[in-house]
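Every chain is numbered from 1, with letters handed out A, B, ... down the list of sequences.
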Amino acid sequence: MFESLLVANRGEIARRVIRTARRMGLKAVAVYSEVDASLPHVREADESVLIGPAAPARSYLDMDAVIEAARRTNAEAVHPGYGFLAENAEFARRVIDAGLVWVGPDPEAIARLGDKVNARNLMADAGVPVAAGTREPLHDVDSAVAAVAGIGYPVMVKAAAGGGGIGMSAAYDEGQLRAAFETARTRAERFFGDPSILLERYLPGARHVEVQILGLTDGRVVALGERDCSVQRRHQKVAEETPSPGVEEPLRARLLAAAVRAGEAVGYRNAGTVECLVDPAAQEFVFLEMNTRLQVEHPITELVTGIDLVEQQLLIAAGEPVTFDAAAGVRTRGHALELRVYAEDPRRFLPGPGEITTWEEPAGDGVRVDSGYAAGDTVTPFYDPLLAKLCVWGADREEALARGRTAVGAFRVEGPKHNLPFFAELLDHPDFVSGDYDTGLVSLMRS
Amino acid sequence: MAEEVHAEMVANVWKVVAAQGDTVEDGDVLVILESMKMEIPVVAETAGTVTELRVGEGDVVQEGDVIAVIG
(Lines give C-alpha, C1' and ligand atoms only; values in the text may rest on other atoms or scores of the structure.)
Protein backbone atom coordinates (compact mmCIF):
# COMPACT_ATOMS: atom_id res chain seq x y z
CA MET A 1 0.00 0.00 0.00
CA PHE A 2 1.23 3.51 -0.79
CA GLU A 3 1.73 5.76 2.22
CA SER A 4 0.63 9.17 0.96
CA LEU A 5 -2.20 10.50 -1.16
CA LEU A 6 -2.79 13.81 -2.90
CA VAL A 7 -6.44 14.77 -3.29
CA ALA A 8 -6.85 16.77 -6.51
CA ASN A 9 -10.10 18.45 -5.51
CA ARG A 10 -11.67 20.87 -3.07
CA GLY A 11 -14.54 21.29 -0.63
CA GLU A 12 -16.59 18.44 0.75
CA ILE A 13 -15.15 15.67 -1.44
CA ALA A 14 -11.56 16.59 -0.67
CA ARG A 15 -12.42 16.50 3.02
CA ARG A 16 -14.23 13.21 2.71
CA VAL A 17 -11.32 11.51 0.90
CA ILE A 18 -8.80 12.96 3.37
CA ARG A 19 -10.84 11.52 6.27
CA THR A 20 -10.57 7.95 4.99
CA ALA A 21 -6.94 8.36 3.90
CA ARG A 22 -5.94 9.49 7.38
CA ARG A 23 -7.95 6.71 9.02
CA MET A 24 -5.95 4.26 6.90
CA GLY A 25 -2.72 5.84 8.14
CA LEU A 26 -1.87 7.63 4.90
CA LYS A 27 -0.39 11.11 4.72
CA ALA A 28 -3.04 13.29 3.07
CA VAL A 29 -2.06 16.18 0.81
CA ALA A 30 -4.56 18.86 -0.19
CA VAL A 31 -4.32 21.34 -3.05
CA TYR A 32 -6.08 24.68 -3.11
CA SER A 33 -6.60 27.83 -5.10
CA GLU A 34 -5.99 31.31 -3.70
CA VAL A 35 -9.64 31.85 -2.72
CA ASP A 36 -9.87 28.45 -0.98
CA ALA A 37 -6.86 28.91 1.32
CA SER A 38 -8.90 28.94 4.54
CA LEU A 39 -11.34 26.10 3.75
CA PRO A 40 -11.56 23.03 6.02
CA HIS A 41 -10.07 20.62 3.45
CA VAL A 42 -6.85 22.65 3.50
CA ARG A 43 -6.68 22.72 7.30
CA GLU A 44 -7.43 19.03 7.75
CA ALA A 45 -4.78 17.70 5.37
CA ASP A 46 -1.30 16.83 6.64
CA GLU A 47 0.16 19.08 3.98
CA SER A 48 -1.36 21.49 1.49
CA VAL A 49 -0.12 23.16 -1.66
CA LEU A 50 -1.33 26.35 -3.32
CA ILE A 51 -1.75 25.52 -7.02
CA GLY A 52 -2.99 28.76 -8.53
CA PRO A 53 -5.61 31.49 -8.69
CA ALA A 54 -9.37 31.06 -8.35
CA ALA A 55 -10.20 30.31 -12.00
CA PRO A 56 -10.45 26.49 -12.22
CA ALA A 57 -8.48 26.37 -15.48
CA ARG A 58 -5.52 27.89 -13.65
CA SER A 59 -5.72 25.77 -10.48
CA TYR A 60 -7.85 22.63 -10.03
CA LEU A 61 -7.83 21.91 -13.77
CA ASP A 62 -4.14 22.69 -14.20
CA MET A 63 -2.59 19.23 -14.66
CA ASP A 64 1.00 20.48 -14.42
CA ALA A 65 0.30 22.31 -11.17
CA VAL A 66 -1.38 19.27 -9.59
CA ILE A 67 1.35 16.83 -10.62
CA GLU A 68 4.03 19.27 -9.47
CA ALA A 69 2.26 19.51 -6.08
CA ALA A 70 2.43 15.71 -5.79
CA ARG A 71 6.13 15.74 -6.65
CA ARG A 72 6.93 18.46 -4.15
CA THR A 73 5.15 16.71 -1.30
CA ASN A 74 6.34 13.20 -2.26
CA ALA A 75 2.76 12.05 -2.59
CA GLU A 76 2.64 8.54 -4.05
CA ALA A 77 -0.96 8.45 -5.24
CA VAL A 78 -3.58 10.85 -6.62
CA HIS A 79 -7.33 10.73 -5.90
CA PRO A 80 -9.27 13.03 -8.23
CA GLY A 81 -12.60 13.17 -6.37
CA TYR A 82 -15.40 13.99 -8.85
CA GLY A 83 -15.60 16.81 -11.39
CA PHE A 84 -12.45 18.78 -12.35
CA LEU A 85 -9.90 16.22 -13.64
CA ALA A 86 -11.68 13.08 -12.41
CA GLU A 87 -12.80 11.88 -15.84
CA ASN A 88 -9.89 13.27 -17.81
CA ALA A 89 -8.06 10.34 -19.44
CA GLU A 90 -5.08 12.52 -20.27
CA PHE A 91 -4.65 13.51 -16.63
CA ALA A 92 -4.91 9.87 -15.50
CA ARG A 93 -2.26 8.97 -18.07
CA ARG A 94 0.02 11.78 -16.94
CA VAL A 95 -0.32 10.80 -13.28
CA ILE A 96 0.70 7.24 -14.16
CA ASP A 97 3.53 8.42 -16.41
CA ALA A 98 4.84 10.54 -13.51
CA GLY A 99 5.25 7.30 -11.56
CA LEU A 100 2.26 7.94 -9.30
CA VAL A 101 -0.67 5.66 -8.47
CA TRP A 102 -3.91 6.79 -10.10
CA VAL A 103 -6.95 6.15 -7.90
CA GLY A 104 -9.44 5.38 -10.62
CA PRO A 105 -9.99 3.25 -13.69
CA ASP A 106 -7.44 2.86 -16.49
CA PRO A 107 -7.12 5.93 -18.74
CA GLU A 108 -8.30 3.75 -21.66
CA ALA A 109 -11.55 2.93 -19.83
CA ILE A 110 -12.08 6.61 -19.00
CA ALA A 111 -11.60 7.57 -22.65
CA ARG A 112 -13.84 4.81 -24.03
CA LEU A 113 -16.67 5.52 -21.60
CA GLY A 114 -16.28 9.31 -21.49
CA ASP A 115 -17.52 9.63 -25.04
CA LYS A 116 -21.22 9.02 -24.62
CA VAL A 117 -21.79 7.87 -28.19
CA ASN A 118 -18.99 5.33 -27.88
CA ALA A 119 -20.22 4.23 -24.44
CA ARG A 120 -23.75 3.62 -25.77
CA ASN A 121 -22.40 1.55 -28.64
CA LEU A 122 -20.16 -0.45 -26.31
CA MET A 123 -23.08 -1.18 -23.99
CA ALA A 124 -25.43 -2.14 -26.81
CA ASP A 125 -22.78 -4.56 -28.09
CA ALA A 126 -22.43 -6.01 -24.57
CA GLY A 127 -26.16 -6.72 -24.42
CA VAL A 128 -27.08 -3.83 -22.11
CA PRO A 129 -30.32 -2.16 -23.29
CA VAL A 130 -29.92 1.39 -24.67
CA ALA A 131 -32.57 3.90 -25.81
CA ALA A 132 -32.94 4.57 -29.53
CA GLY A 133 -30.32 7.15 -30.46
CA THR A 134 -27.45 8.16 -32.70
CA ARG A 135 -24.56 5.73 -33.20
CA GLU A 136 -22.26 8.45 -34.56
CA PRO A 137 -21.50 11.90 -33.08
CA LEU A 138 -23.38 14.75 -34.80
CA HIS A 139 -21.71 17.97 -35.87
CA ASP A 140 -24.38 19.94 -37.68
CA VAL A 141 -28.03 20.61 -37.07
CA ASP A 142 -29.28 19.26 -40.40
CA SER A 143 -27.82 15.82 -39.74
CA ALA A 144 -29.49 15.96 -36.31
CA VAL A 145 -32.85 16.70 -37.94
CA ALA A 146 -32.27 13.80 -40.34
CA ALA A 147 -31.24 11.46 -37.50
CA VAL A 148 -34.51 12.02 -35.64
CA ALA A 149 -36.33 10.14 -38.40
CA GLY A 150 -34.87 6.92 -37.02
CA ILE A 151 -35.43 7.82 -33.35
CA GLY A 152 -38.73 9.71 -33.08
CA TYR A 153 -39.63 12.75 -30.97
CA PRO A 154 -39.20 13.68 -28.18
CA VAL A 155 -35.41 13.48 -28.17
CA MET A 156 -32.83 14.48 -25.60
CA VAL A 157 -30.00 16.59 -27.02
CA LYS A 158 -26.70 16.08 -25.19
CA ALA A 159 -23.02 16.88 -25.46
CA ALA A 160 -21.24 13.63 -26.43
CA ALA A 161 -18.30 14.53 -24.20
CA GLY A 162 -20.50 16.09 -21.53
CA GLY A 163 -21.71 15.56 -18.03
CA GLY A 164 -23.53 17.27 -15.21
CA GLY A 165 -26.53 18.05 -17.38
CA ILE A 166 -24.66 20.93 -19.01
CA GLY A 167 -26.15 21.94 -22.35
CA MET A 168 -28.73 19.18 -22.20
CA SER A 169 -32.37 19.70 -23.20
CA ALA A 170 -35.37 17.84 -24.56
CA ALA A 171 -36.90 18.66 -27.96
CA TYR A 172 -40.44 17.77 -28.98
CA ASP A 173 -40.29 19.06 -32.58
CA GLU A 174 -37.89 20.30 -35.23
CA GLY A 175 -37.99 23.94 -34.07
CA GLN A 176 -37.06 22.93 -30.53
CA LEU A 177 -34.41 20.56 -31.85
CA ARG A 178 -32.71 23.30 -33.87
CA ALA A 179 -32.62 25.62 -30.83
CA ALA A 180 -31.52 22.85 -28.44
CA PHE A 181 -28.79 21.73 -30.84
CA GLU A 182 -27.29 25.22 -31.00
CA THR A 183 -27.31 25.61 -27.20
CA ALA A 184 -25.86 22.15 -26.64
CA ARG A 185 -23.13 22.67 -29.24
CA THR A 186 -22.05 26.06 -27.84
CA ARG A 187 -21.93 24.76 -24.27
CA ALA A 188 -20.23 21.50 -25.25
CA GLU A 189 -17.50 23.44 -26.98
CA ARG A 190 -17.10 25.77 -24.05
CA PHE A 191 -17.26 23.32 -21.16
CA PHE A 192 -15.84 20.15 -22.69
CA GLY A 193 -13.78 21.41 -25.64
CA ASP A 194 -15.69 19.09 -27.99
CA PRO A 195 -18.85 20.21 -29.84
CA SER A 196 -20.06 16.68 -30.76
CA ILE A 197 -23.72 16.06 -30.07
CA LEU A 198 -25.68 12.93 -29.24
CA LEU A 199 -29.44 12.45 -29.69
CA GLU A 200 -31.32 9.95 -27.63
CA ARG A 201 -35.01 9.12 -27.40
CA TYR A 202 -36.39 11.05 -24.41
CA LEU A 203 -38.57 9.12 -21.99
CA PRO A 204 -40.89 11.44 -20.04
CA GLY A 205 -42.02 9.94 -16.74
CA ALA A 206 -38.82 7.96 -16.30
CA ARG A 207 -36.79 7.64 -13.14
CA HIS A 208 -33.06 8.13 -13.09
CA VAL A 209 -31.56 5.10 -11.38
CA GLU A 210 -27.88 4.22 -11.19
CA VAL A 211 -25.89 1.26 -9.99
CA GLN A 212 -22.66 1.51 -8.00
CA ILE A 213 -20.03 -0.90 -9.23
CA LEU A 214 -16.52 -1.78 -8.09
CA GLY A 215 -14.05 -3.47 -10.42
CA LEU A 216 -11.76 -5.45 -8.12
CA THR A 217 -8.05 -6.14 -8.32
CA ASP A 218 -8.70 -9.76 -9.33
CA GLY A 219 -10.86 -8.64 -12.28
CA ARG A 220 -14.28 -9.35 -10.80
CA VAL A 221 -16.93 -6.61 -11.03
CA VAL A 222 -19.43 -6.32 -8.17
CA ALA A 223 -22.60 -4.24 -7.87
CA LEU A 224 -23.39 -2.46 -4.58
CA GLY A 225 -27.06 -1.70 -5.08
CA GLU A 226 -28.77 1.17 -6.86
CA ARG A 227 -29.46 4.84 -6.14
CA ASP A 228 -32.51 6.74 -7.34
CA CYS A 229 -31.52 10.21 -8.55
CA SER A 230 -34.82 11.40 -9.99
CA VAL A 231 -35.07 14.60 -7.93
CA GLN A 232 -33.40 16.99 -10.37
CA ARG A 233 -33.42 20.62 -11.36
CA ARG A 234 -31.88 21.66 -14.69
CA HIS A 235 -31.03 17.96 -15.26
CA GLN A 236 -28.82 18.05 -12.18
CA LYS A 237 -29.42 15.93 -9.10
CA VAL A 238 -30.51 17.55 -5.85
CA ALA A 239 -31.55 14.54 -3.79
CA GLU A 240 -30.95 10.81 -4.03
CA GLU A 241 -32.18 7.75 -2.20
CA THR A 242 -31.46 4.05 -1.96
CA PRO A 243 -33.09 1.65 -2.52
CA SER A 244 -35.16 3.15 -5.34
CA PRO A 245 -38.88 3.17 -4.53
CA GLY A 246 -39.59 2.63 -8.24
CA VAL A 247 -37.57 -0.53 -8.70
CA GLU A 248 -39.13 -3.90 -7.86
CA GLU A 249 -37.04 -6.95 -7.03
CA PRO A 250 -36.91 -8.66 -10.46
CA LEU A 251 -35.92 -5.38 -12.12
CA ARG A 252 -33.29 -4.73 -9.43
CA ALA A 253 -31.66 -8.08 -10.17
CA ARG A 254 -31.63 -7.32 -13.92
CA LEU A 255 -30.27 -3.79 -13.37
CA LEU A 256 -27.44 -4.95 -11.14
CA ALA A 257 -26.57 -7.81 -13.51
CA ALA A 258 -26.50 -5.39 -16.48
CA ALA A 259 -24.23 -2.99 -14.56
CA VAL A 260 -21.81 -5.82 -13.81
CA ARG A 261 -21.90 -6.82 -17.49
CA ALA A 262 -21.23 -3.17 -18.45
CA GLY A 263 -18.17 -3.09 -16.19
CA GLU A 264 -16.93 -6.46 -17.43
CA ALA A 265 -17.29 -5.37 -21.07
CA VAL A 266 -14.55 -2.78 -20.56
CA GLY A 267 -12.47 -4.65 -17.96
CA TYR A 268 -13.41 -1.98 -15.44
CA ARG A 269 -11.30 -1.46 -12.32
CA ASN A 270 -12.08 0.76 -9.31
CA ALA A 271 -15.35 2.59 -8.53
CA GLY A 272 -17.80 3.47 -11.27
CA THR A 273 -21.47 4.16 -11.74
CA VAL A 274 -23.78 2.86 -14.42
CA GLU A 275 -26.59 5.36 -14.97
CA CYS A 276 -29.91 4.17 -16.37
CA LEU A 277 -33.40 5.44 -17.05
CA VAL A 278 -36.16 3.29 -15.58
CA ASP A 279 -39.75 3.13 -16.78
CA PRO A 280 -41.43 2.33 -13.45
CA ALA A 281 -44.74 1.22 -15.00
CA ALA A 282 -43.13 -1.26 -17.39
CA GLN A 283 -40.27 -2.10 -14.96
CA GLU A 284 -37.86 -1.73 -17.87
CA PHE A 285 -34.61 0.21 -18.14
CA VAL A 286 -32.11 1.61 -20.64
CA PHE A 287 -28.44 2.48 -20.19
CA LEU A 288 -27.68 6.20 -20.09
CA GLU A 289 -23.98 6.60 -19.36
CA MET A 290 -21.19 5.41 -17.17
CA ASN A 291 -19.35 7.66 -14.73
CA THR A 292 -15.77 6.55 -14.30
CA ARG A 293 -15.19 7.98 -10.83
CA LEU A 294 -16.58 8.26 -7.33
CA GLN A 295 -20.09 9.71 -7.49
CA VAL A 296 -21.23 12.73 -5.43
CA GLU A 297 -24.03 10.64 -3.90
CA HIS A 298 -21.81 7.67 -2.90
CA PRO A 299 -22.48 8.18 0.86
CA ILE A 300 -25.99 6.71 0.67
CA THR A 301 -24.53 3.47 -0.67
CA GLU A 302 -22.05 3.52 2.21
CA LEU A 303 -24.90 4.04 4.69
CA VAL A 304 -26.88 0.98 3.53
CA THR A 305 -23.89 -1.34 2.89
CA GLY A 306 -21.54 -0.31 5.69
CA ILE A 307 -18.73 -0.26 3.09
CA ASP A 308 -16.37 2.73 2.83
CA LEU A 309 -16.14 3.22 -0.94
CA VAL A 310 -13.10 5.50 -0.78
CA GLU A 311 -11.26 2.84 1.21
CA GLN A 312 -12.09 0.25 -1.48
CA GLN A 313 -10.89 2.68 -4.16
CA LEU A 314 -7.55 3.12 -2.42
CA LEU A 315 -7.13 -0.63 -1.86
CA ILE A 316 -7.95 -1.45 -5.49
CA ALA A 317 -5.58 1.25 -6.72
CA ALA A 318 -2.86 -0.35 -4.58
CA GLY A 319 -3.64 -3.78 -6.05
CA GLU A 320 -5.02 -5.11 -2.80
CA PRO A 321 -8.23 -7.00 -1.96
CA VAL A 322 -11.30 -5.10 -0.77
CA THR A 323 -12.50 -5.19 2.85
CA PHE A 324 -15.68 -7.20 2.21
CA ASP A 325 -16.40 -10.67 0.87
CA ALA A 326 -17.29 -9.96 -2.76
CA ALA A 327 -18.20 -13.60 -3.46
CA ALA A 328 -20.93 -13.52 -0.82
CA GLY A 329 -22.70 -10.60 -2.54
CA VAL A 330 -23.29 -7.20 -1.01
CA ARG A 331 -26.28 -6.97 1.34
CA THR A 332 -27.97 -3.68 2.00
CA ARG A 333 -29.79 -2.69 5.16
CA GLY A 334 -32.38 0.04 5.64
CA HIS A 335 -32.92 3.15 3.57
CA ALA A 336 -30.73 6.21 2.98
CA LEU A 337 -31.33 9.65 1.57
CA GLU A 338 -28.97 12.40 0.45
CA LEU A 339 -29.94 16.06 0.19
CA ARG A 340 -27.49 18.32 -1.65
CA VAL A 341 -27.34 21.60 0.20
CA TYR A 342 -26.54 24.11 -2.51
CA ALA A 343 -25.76 27.83 -2.29
CA GLU A 344 -28.83 28.74 -4.31
CA ASP A 345 -32.23 30.20 -3.66
CA PRO A 346 -34.92 27.60 -2.93
CA ARG A 347 -37.49 28.97 -5.42
CA ARG A 348 -35.68 29.52 -8.71
CA PHE A 349 -32.46 27.68 -7.82
CA LEU A 350 -30.24 30.58 -8.88
CA PRO A 351 -26.76 30.77 -7.35
CA GLY A 352 -26.27 32.89 -4.23
CA PRO A 353 -22.65 32.84 -3.06
CA GLY A 354 -21.63 34.83 0.02
CA GLU A 355 -19.87 34.76 3.36
CA ILE A 356 -21.10 32.15 5.83
CA THR A 357 -22.01 33.85 9.10
CA THR A 358 -23.79 30.88 10.71
CA TRP A 359 -23.10 27.20 10.08
CA GLU A 360 -24.61 24.62 12.43
CA GLU A 361 -24.77 21.06 11.17
CA PRO A 362 -27.38 18.62 12.44
CA ALA A 363 -26.26 15.47 14.23
CA GLY A 364 -27.94 12.43 15.73
CA ASP A 365 -28.78 8.80 14.98
CA GLY A 366 -28.45 8.00 11.31
CA VAL A 367 -27.31 11.51 10.33
CA ARG A 368 -24.14 12.10 8.29
CA VAL A 369 -23.07 15.49 6.97
CA ASP A 370 -20.27 15.76 4.40
CA SER A 371 -19.57 19.48 4.18
CA GLY A 372 -16.94 21.64 2.60
CA TYR A 373 -17.40 24.82 4.61
CA ALA A 374 -17.63 26.20 8.12
CA ALA A 375 -18.71 29.49 9.68
CA GLY A 376 -16.50 32.37 8.53
CA ASP A 377 -15.75 30.79 5.13
CA THR A 378 -16.72 32.56 1.94
CA VAL A 379 -18.59 30.73 -0.80
CA THR A 380 -17.23 32.19 -4.04
CA PRO A 381 -18.78 32.16 -7.53
CA PHE A 382 -15.89 30.18 -9.06
CA TYR A 383 -16.96 26.62 -8.28
CA ASP A 384 -20.09 24.49 -8.09
CA PRO A 385 -22.70 25.47 -5.48
CA LEU A 386 -22.47 22.36 -3.27
CA LEU A 387 -22.08 23.39 0.37
CA ALA A 388 -22.79 20.07 2.04
CA LYS A 389 -24.44 16.71 1.60
CA LEU A 390 -26.95 15.99 4.31
CA CYS A 391 -27.38 12.21 4.45
CA VAL A 392 -29.73 10.25 6.67
CA TRP A 393 -30.24 6.57 7.28
CA GLY A 394 -33.32 4.82 8.67
CA ALA A 395 -34.40 1.22 9.19
CA ASP A 396 -36.99 1.87 6.49
CA ARG A 397 -37.94 4.69 4.10
CA GLU A 398 -40.42 6.23 6.51
CA GLU A 399 -37.81 6.50 9.25
CA ALA A 400 -35.22 7.90 6.82
CA LEU A 401 -37.66 10.61 5.70
CA ALA A 402 -38.57 11.45 9.30
CA ARG A 403 -34.91 11.78 10.23
CA GLY A 404 -34.42 13.88 7.10
CA ARG A 405 -37.14 16.32 8.19
CA THR A 406 -35.63 16.70 11.65
CA ALA A 407 -32.13 17.15 10.26
CA VAL A 408 -33.23 19.75 7.69
CA GLY A 409 -34.92 21.69 10.48
CA ALA A 410 -31.77 21.55 12.62
CA PHE A 411 -29.34 22.61 9.86
CA ARG A 412 -28.68 26.34 10.25
CA VAL A 413 -26.92 28.22 7.48
CA GLU A 414 -26.84 32.01 7.19
CA GLY A 415 -24.99 34.18 4.73
CA PRO A 416 -25.18 32.62 1.28
CA LYS A 417 -28.54 31.68 -0.17
CA HIS A 418 -29.33 27.99 0.37
CA ASN A 419 -31.93 25.44 -0.61
CA LEU A 420 -32.73 23.91 2.81
CA PRO A 421 -36.30 25.30 2.60
CA PHE A 422 -36.71 23.39 -0.67
CA PHE A 423 -35.86 20.14 1.15
CA ALA A 424 -38.39 20.88 3.87
CA GLU A 425 -40.96 21.16 1.07
CA LEU A 426 -39.71 18.06 -0.76
CA LEU A 427 -39.87 15.85 2.34
CA ASP A 428 -43.53 16.80 2.80
CA HIS A 429 -44.52 16.64 -0.84
CA PRO A 430 -47.11 13.87 -1.33
CA ASP A 431 -45.43 12.49 -4.48
CA PHE A 432 -42.04 12.29 -2.81
CA VAL A 433 -43.52 10.86 0.39
CA SER A 434 -45.38 8.19 -1.60
CA GLY A 435 -42.21 7.32 -3.50
CA ASP A 436 -44.15 7.57 -6.76
CA TYR A 437 -42.23 10.36 -8.53
CA ASP A 438 -40.03 10.80 -11.59
CA THR A 439 -37.50 13.27 -13.00
CA GLY A 440 -40.33 15.80 -13.52
CA LEU A 441 -40.96 16.19 -9.76
CA VAL A 442 -39.08 19.46 -9.17
CA SER A 443 -40.65 21.13 -12.24
CA LEU A 444 -44.03 19.98 -10.96
CA MET A 445 -43.31 21.53 -7.55
CA ARG A 446 -42.36 24.82 -9.20
CA SER A 447 -45.07 25.01 -11.90
CA MET B 1 -37.31 57.27 -17.26
CA ALA B 2 -33.93 55.56 -16.88
CA GLU B 3 -34.06 51.99 -15.65
CA GLU B 4 -31.09 50.41 -13.85
CA VAL B 5 -30.40 46.72 -14.38
CA HIS B 6 -28.76 45.11 -11.34
CA ALA B 7 -26.79 41.92 -10.72
CA GLU B 8 -28.82 39.48 -8.65
CA MET B 9 -25.77 37.71 -7.22
CA VAL B 10 -22.00 37.67 -6.98
CA ALA B 11 -20.85 36.54 -10.41
CA ASN B 12 -18.28 36.84 -13.16
CA VAL B 13 -19.22 38.63 -16.36
CA TRP B 14 -18.88 35.96 -19.03
CA LYS B 15 -20.21 37.74 -22.11
CA VAL B 16 -21.32 41.26 -22.90
CA VAL B 17 -24.03 40.89 -25.52
CA ALA B 18 -25.39 44.44 -25.87
CA ALA B 19 -23.42 47.61 -26.58
CA GLN B 20 -23.90 51.18 -25.42
CA GLY B 21 -26.33 52.91 -27.77
CA ASP B 22 -28.18 49.70 -28.72
CA THR B 23 -31.94 49.76 -28.88
CA VAL B 24 -33.35 46.91 -26.83
CA GLU B 25 -36.74 45.34 -26.21
CA ASP B 26 -38.08 44.11 -22.89
CA GLY B 27 -36.48 40.69 -22.35
CA ASP B 28 -33.42 41.20 -24.56
CA VAL B 29 -30.21 39.77 -23.13
CA LEU B 30 -27.69 42.46 -22.13
CA VAL B 31 -24.90 40.42 -20.57
CA ILE B 32 -24.40 36.83 -19.49
CA LEU B 33 -23.07 36.29 -15.99
CA GLU B 34 -21.50 33.14 -14.72
CA SER B 35 -21.73 32.01 -11.13
CA MET B 36 -21.15 28.55 -9.68
CA LYS B 37 -20.91 26.87 -13.07
CA MET B 38 -24.19 28.37 -14.23
CA GLU B 39 -24.77 30.94 -16.95
CA ILE B 40 -27.25 33.61 -15.93
CA PRO B 41 -28.53 35.92 -18.67
CA VAL B 42 -29.27 39.46 -17.49
CA VAL B 43 -32.14 40.92 -19.50
CA ALA B 44 -33.59 44.37 -20.10
CA GLU B 45 -36.81 44.79 -18.14
CA THR B 46 -37.98 47.64 -20.29
CA ALA B 47 -37.64 48.70 -23.94
CA GLY B 48 -35.30 51.60 -24.68
CA THR B 49 -31.70 52.51 -25.40
CA VAL B 50 -28.68 51.20 -23.54
CA THR B 51 -27.33 54.49 -22.23
CA GLU B 52 -24.73 52.96 -19.94
CA LEU B 53 -23.03 49.59 -19.81
CA ARG B 54 -20.95 49.44 -16.66
CA VAL B 55 -19.34 45.98 -16.91
CA GLY B 56 -16.80 44.28 -19.13
CA GLU B 57 -16.08 40.61 -19.79
CA GLY B 58 -14.09 39.09 -16.93
CA ASP B 59 -15.32 41.59 -14.32
CA VAL B 60 -16.62 40.36 -10.99
CA VAL B 61 -19.95 41.90 -9.98
CA GLN B 62 -21.44 41.97 -6.50
CA GLU B 63 -25.11 41.46 -5.69
CA GLY B 64 -26.92 44.72 -6.41
CA ASP B 65 -24.24 46.22 -8.69
CA VAL B 66 -25.56 48.20 -11.64
CA ILE B 67 -24.85 46.35 -14.87
CA ALA B 68 -26.53 48.67 -17.34
CA VAL B 69 -28.87 51.62 -17.58
CA ILE B 70 -31.72 51.61 -20.09
CA GLY B 71 -32.95 55.08 -21.01
Side-chain angles (χ1 to χ4, degrees), chain A residues 10-11 34-35 53-58 60-61 82-84 162-169 183-184 186-192 233-236 296 340-345 347-356 372-373 378-387 415-419, chain B residues 1-48 50-71:
Chain A
R10 65 180 295 284
E34 284 163 3
V35 289
R58 297 177 61 200
Y60 298 105
L61 289 171
Y82 53 72
F84 295 124
I166 291 173
M168 201 166 109
S169 56
T183 308
T186 314
R187 302 225 168 129
E189 175 85 70
R190 175 161 178 246
F191 285 94
F192 312 112
R233 54 109 182 86
R234 296 191 292 267
H235 306 295
Q236 292 170 335
V296 176
R340 298 190 188 191
V341 183
Y342 284 137
E344 63 183 25
D345 80 83
R347 292 297 312 171
R348 296 190 299 156
F349 312 119
L350 291 178
E355 192 191 333
I356 299 172
Y373 297 90
T378 296
V379 183
T380 65
F382 301 102
Y383 313 110
D384 79 32
L386 187 62
L387 297 174
K417 290 177 184 148
H418 64 78
N419 61 349
Chain B
M1 174 74 194
E3 187 94 17
E4 289 183 342
V5 181
H6 300 268
E8 276 191 77
M9 71 219 39
V10 183
N12 305 305
V13 178
W14 175 48
K15 258 190 186 164
V16 175
V17 180
Q20 199 163 319
D22 280 3
T23 306
V24 292
E25 297 296 322
D26 184 357
D28 280 359
V29 176
L30 303 172
V31 304
I32 302 173
L33 302 178
E34 182 184 45
S35 188
M36 312 197 109
K37 288 171 72 182
M38 186 181 172
E39 293 164 17
I40 303 122
V42 178
V43 300
E45 286 171 10
T46 177
V50 180
T51 54
E52 278 183 63
L53 198 60
R54 295 198 193 164
V55 297
E57 288 177 9
D59 288 358
V60 176
V61 291
Q62 302 296 321
E63 185 173 348
D65 281 0
V66 176
I67 286 181
V69 180
I70 312 288

Between Ala343(A) and chain B, with a heavy-atom cut-off of 4.5 Å, which part of the residue counts as in contact: side chain, backbone, both or neither?
both
Do Phe382(A) and Glu34(B) come close enough that some side-chain heavy atom pair is under 4.5 Å?
no
Mind ranking Glu63(B), Glu39(B), Met9(B) by heavy-atom pairs under 4.5 Å with chain A and telling me who comes out on top?
Glu39(B)
Please check if the number of heavy atoms outside Arg58(A) that lie under 6.0 Å from its CZ is greater than 12.
no
Side chain, backbone, both or neither: which part of Tyr342(A) has a non-hydrogen atom closer than 4.5 Å to chain B?
neither
Are Met36(B) and Thr380(A) side-chain neighbours, meaning at least one heavy-atom pair lies under 4.5 Å?
no
Check whether any side-chain heavy atom of Gln236(A) lies under 4.5 Å from a side-chain heavy atom of Lys37(B), and answer yes or no.
no
Using every non-hydrogen atom in the two residues, find where Ser35(B) and Pro381(A) come nearest and quote the distance to one decimal.
OG-CB, 3.4 Å
Between Lys417(A) and Glu8(B), does any side-chain N to carboxylate O distance fall below 4.0 Å?
no
Close side-chain approach of Glu344(A) and Met38(B), heavy atoms under 4.5 Å:
no
Glu45(B) atom CD, neighbour heavy-atom count above 12 within 6.0 Å:
no
Tell me the closest heavy-atom pair linking Val10(B) and Pro353(A), and the distance in Å.
O-CG, 3.7 Å
